[in-house]
Visitor: 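Please read through the structure below; I'll follow up with questions.
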Amino acid sequence: MVVVMRGGASETDIDKVVNAITEVGGDAFVSRGKHQTIIGLVGDLTQFTELPLHAFPGVEDVIRVSKPYKLVSNDAHPRPSTVWVGDAAIGRDTVTLIAGPCAVETEEQTQAACRMAKEAGATILRGGAYKPRTSPYAFQGLGEPGLDLLHATSRQLGMPFVTEVVTPADVETVAAKADMLQVGARNMQNFQLLKEVGMAGRPVLLKRGLTATIDEWIMAAEYIAQTGNLQIVLCERGIRTYEPMTRNTLDVSAVPVAQSLSHLPVVIDPSHSGGKRELVLPLTRAAIAVGADGIIVDVHPRPETALVDGPQALVKEDIVLLRETVARFAEAAGRSVARIDQERSTGAWGRSAAGV
Ligand code: PEP
Ligand code: MN
């Protein structure tokens, strides 16, 4: 069961619901969205039937949910949600472009890649400082110095950034500087990491695991939501199939399926799915056509020197085409390309992360 609170519900209203639930032996998980708070009830349903929850002050609705996930389910949330990363929105009305280097390698490369991202019309930067690598001998990322490089570039360009965190021990360090935390495909079911990331108070980009079903992916999002953090974006990045011609197989149907089950925004990563530069624009077109709320793309000024994922990086010559492709396909899908909301933009987000 889920209790949906009204927009203006007070903390006292929320506490009253939580106390009533715990008094009858149930568990209550409070998730605070930007506009609404929802409370997931866990326990034997018969425990709650006697409670007049509808009549509690501040309660908008009480919903019986049969799906295994409650807080991220569409049943719990009347409308698709919008996630804010700094002043950049990811939601159902727009198509948001996120772009940047796969990995932070040097200051020069990071700045050049992030400038390419801005030129392409991105509102959010991406870049990995902590890299989950298949081989322990491969470049593992620069770690904290890489995070600092990304942070400095992000503030110079006035754009928020998303970066991956690979272990619970690093969550605090990464959350102190990053505007959005990424949980990578290989960590989608690292439940301790999901909980820590949820508690860090930053929006989260949750990639789908290489062999995860859509249900498992949404259940992983539910772990984050249970910590009270509903600022979650799902990212389809290709799944492992028998087909070796692409790095992974982009599951485009995951977008409408996930959107029909959950209120969370869903984006597509055409770089890690295709794994080849020449596939990125065609897959971007497919992603927007199928209704993705955004695209996350790797770019690199000199992919032949890249320490990670060079073959899939877009280069300078692709930038104008990327920009045009996103604009044209967004329009065809009845959406606008996400821009920084100047009215909402106070620049305060840049100071709040890392306190600088
Ligand atoms: C990445 O985005 O750099 C990355 C490692 O992605 P994934 O977890 O999808 O492989
Ligand atoms: Mn990569």
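Keep in mind that the numbers below use all heavy atoms, side chains included, and drop hydrogens, waters and symmetry copies. Whatever order the structure lists them in is the order used to number ligands and atoms, beginning at 1.
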Visitor: Are side-chain heavy atoms of P80 and Q259 found at a separation under 4.5 Å?
Guide: no
Visitor: I want to check something: taking the side chain as every heavy atom from C-beta on, are V59 and M5 in contact at a cut-off of under 4.5 Å?
Guide: yes
Visitor: Got more than 12 heavy atoms from elsewhere within 6.0 Å of CZ, R92?
Guide: yes
Visitor: Kindly give the atom name of the N, O or S atom of D309 closest to the Mn ion (ligand 2).
Guide: OD2
Visitor: Would you mind listing which atoms of ligand 1 come within a distance below 4.0 Å of any non-hydrogen atom of R237?
Guide: 7 (P), 9 (O), 10 (O)
Visitor: About how large, to 10 degrees, is the angle NE2 of H272, then the Mn ion (ligand 2), then SG of C102?
Guide: 140°
Visitor: Would you mind listing which atoms of ligand 1 come within a distance below 4.0 Å of any non-hydrogen atom of R126?
Guide: 1 (C), 2 (O), 3 (O)
Visitor: Pull out every atom of ligand 1 sitting under 4.0 Å from any heavy atom of K207, numbered as shown with elements.
Guide: 1 (C), 2 (O), 4 (C), 6 (O), 7 (P), 8 (O), 9 (O)
Visitor: Looking only at side-chain N and O atoms, does D15 offer a donor or acceptor that is under 3.5 Å from a partner on T12?
Guide: no
Visitor: Would D298 count as a contact for the Mn ion (ligand 2), in the sense that one of its N, O or S atoms lies under 2.8 Å from it?
Guide: no
Visitor: With atoms numbered from 1 as shown, which atoms in ligand 1 lie under 4.0 angstrom from a non-hydrogen atom of K131?
Guide: 1 (C), 3 (O)
Visitor: Please determine whether the number of non-hydrogen atoms from other residues, nucleotides or ligands lying under 6.0 Å from atom CD of E108 exceeds 12.
Guide: no
Visitor: Evaluate the ring planes of F161 and H151, with Trp represented by its six-membered ring, and classify them as parallel (under 30°), tilted (30 to 60°) or perpendicular (over 60°).
Guide: perpendicular
Visitor: Looking only at protein heavy atoms, identify the closest one to atom 5 (C) of ligand 1 and say how far it is in Å.
Guide: E164 OE1, 3.7 Å
Visitor: Which residue holds the protein heavy atom closest to atom 4 (C) of ligand 1, what is that atom called, and what is the gap in Å?
Guide: H272 NE2, 3.5 Å
Visitor: In ligand 1, which numbered atoms sit nearer than 4.0 Å to a non-hydrogen atom of G184?
Guide: 8 (O)
Visitor: Going by side chain to side chain donor-acceptor pair (under 3.5 Å), Q312 matches just one of R277, R247, K276. Which one?
Guide: R247
Visitor: Considering the heavy atoms of C102, write down every atom of ligand 1 situated less than 4.0 Å from one of them.
Guide: 3 (O)
Visitor: Closer than 4.0 angstrom, basic N to acidic O: yes or no for D309 and R133?
Guide: no
Visitor: What is the nearest protein non-hydrogen atom to atom 8 (O) of ligand 1, stated with its residue, atom name and distance?
Guide: A185 N, 2.8 Å
